[in-house]
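These notes concern the structure reproduced below.
Whatever order the structure lists them in is the order used to number ligands and atoms, beginning at 1.
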Amino acid sequence: MSGPLEGRRVVLGVTGGIAAYKAIDVCRRLVDAGAHVVPIMTEAAQHFVGTTTLGALASEPVQTELWRNPTTPIPHTVVGQGADLILVAPATAKLLSAYRTGFSHDLLTNTLLATRAPVVVCPAMHTEMWEHPSVVDNVAVLRERGVHVVDPESGRLAGGDVGAGRLADPSVIVAEVERVLGPGDLDGTTVVVTAGGTREPIDAVRVIANRSSGKQGYAVAAEAAARGAHVVLVSTVELAAPVGVEVVAVETAEEMRDAVTQRRATSDVVVMAAAVADFRPVAAAGGKIKKDDGVPEIVLEATPDILRGLGEDKPDGQVLVGFAAETDDLRANALAKLTRKNLDLIVANDVGAPHVGFSHDTNAVTLLRPDADPVEIDLASKREIARAVINTIVEIRAASRTGEL
Ligand code: CTP
């Protein structure tokens with residue numbers, strides 16, 4: 001189950017800004033994701049970080065020059081022609097200007113002109129420079145030409161200034177590279193994902209909760225966004241929002257139901273990865289229940305079954321996905337839920353098995369569909385599980401379009 005960067009040739013161009021040190025982290029993440037990273041540094045970049053550091057982490061030695069290249073007499077075209085993607089991080093105002101006008105004065109600018117691969121640039125500079133009309137204009141022209149621009153963040157800049165212009169976080173940069181190199185098979189779709197365990201209030205300070213960490217739902221949301229979907233993540237937990245994902249914070253089953261049902265009509269896919277409480281106190285005490293008042297009797301009632309409600313009134317072509325966390329009779333229980341809730345797919349996990357389910361970073365699941373053989377996914381990272389889930393969703397959508405279902 002390889003990701004979109006596996007075996008892809010990514011040229012990483014580093015230009016001369018203080019954020020050049022973050023390019024090291026970007027490089028490491030790209031290599032970890034399976035990319036072959038070809039590093040190029042401009043002369044100015046070498047004032048900020050050394051070629052030894054970047055070269056040690058990249059897939060080959062750093063190239064810096066148009067001349068005296070030991071591997072090829074024509075580096076100005078060879079590097080760009082062989083690339084699957086060119087990433088420039090950080091990109092200075094000078095680089096943006098040169099790229100816009102075609103001023104090819106060094107190896108990186110030549111490479112940018114010679115390539116036909118997609119290009120991602122990540123500007124970083126002081127706020128005054130970022131907001132200067134010439135930079136604004138250069139960025140707009142590059143965008144128009146199809147260059148992917150990862151906007152800088154606001155934050156502390158070199159010299160202690162604060163403002164827009166700080167290089168985007170390495171995780172954001174790598175997510176954009178993954179999206180650009182990914183299959184784009186959810187382009188133009190809207191995907192709603194729920195994540196985390198709901199919390200049902202007992203009184204002003206106490207809740208009925210469960211062990212769900214939300215990690216699997218977040219991984220599904222991140223993967224769907226990487227595949228091109230507009231993703232709304234309805235979440236009860238406060239993990240870092242995946243790149244490009246809209247997060248809607250909720251707490252109770254009822255709030256989750258409202259957030260999901262509001263969006264159901266316009267969603268192509270709904271993935272209920274959340275662990276929704278089945279029961280809640282009939283009435284939560286307004287204040288804190290005091291110990292001296294004796295042991296309270298808490299009367300429970302059923303919460304709405306969100307997924308069942310969605311399945312009862314499913315728009316044509318919508319793919320509805322449930323999760324089933326089981327401790328016994330995994331397949332039988334999950335299949336019963338698949339039918340009862342009118343789902344297209346259920347992701348069943350045996351939460352009693354080691355390293356599986358709640359709070360772990362890994363999972364192992366069985367994917368069950370109404371008219372297809374079960375598929376076992378062995379222990380893997382939650383992102384890899386998410387990839388398998390999204391692959392199956394894409395398959396279901398393709399099959400329903402060609403009438404195979
Ligand atoms: N679910 C839901 N609303 C609920 C309970 C569950 O939408 N009130 C969804 C979950 O998000 C999950 C699926 O239904 O995708 C299955 O949840 P699970 O708790 O395994 O099943 P239940 O139907 O609650 O059955 P049981 O607790 O008896 O196993």
Ignoring hydrogens, what is the shortest heavy-atom contact between Thr303 and Ala277? Give both atom names and the distance. OG1-O, 2.5 Å
Taking all non-hydrogen atoms of both residues, which atom of Leu87 and which atom of Cys122 are closest, and how far apart? CD1-SG, 3.7 Å
Salt-bridge criterion met for Arg206 and Glu200 (N-O under 4.0 Å): no
Lys215 bridged to Asp361 by N-O distance under 4.0 Å: yes
Side chain to side chain contact (heavy atoms under 4.5 Å, CB included) assessment of Ile396 paired with Val269: CA-CA 11 Å; Ile396 294 169; Val269 179; over 6 Å; no
Nearest non-hydrogen protein atom to atom 18 (P) of ligand 1, with distance, is Lys337 NZ, 3.5 Å
For atom 16 (C) of ligand 1, what's the nearest protein heavy atom and its distance? Phe323 O, 2.9 Å
Can you find a side-chain donor-acceptor pair between Tyr218 and Ser235 that sits under 3.5 Å? yes
Check whether any N or O atom of [X], backbone or side chain, sits under 3.5 Å from an N or O atom of ligand 1, and answer yes or no.
X: Leu307; result: yes
X: Pro304; result: yes
X: Met272; result: yes

Proximal ligand 1 atoms for [X], defined as those under 4.0 Å from one of its heavy atoms:
X: Gly322; value: 15 (O)
X: Thr303; value: 8 (N)
X: Ala274; value: 10 (C), 11 (O)
X: Ala324; value: 20 (O)

In this structure, does ligand 1 have an atom that sits under 4.0 Å from one of the heavy atoms of Arg340? yes
Ligand 1 contact by Lys341, heavy-atom criterion under 4.0 angstrom: yes
Check whether Asn210 reaches the backbone of Ala275 with its side chain - one donor and one acceptor, N or O, closer than 3.5 Å. yes
Are any side-chain N or O atoms of Asn138 and backbone N or O atoms of Ser134, one a donor and one an acceptor, separated by less than 3.5 Å? yes
Heavy-atom proximity to atom 3 (N) of ligand 1 ranks first, among Val321, Asp278, Ile306, Val347, for Ile306
Checking salt bridge (charged side-chain N to carboxylate O under 4.0 Å, His left out) between Asp185 and each of Arg387, Arg227, Arg179, which is the one that passes? Arg227
With the threshold set strictly below 4.0 angstrom, can you tell me whether any protein non-hydrogen atom sits that near atom 28 (O) of ligand 1? no
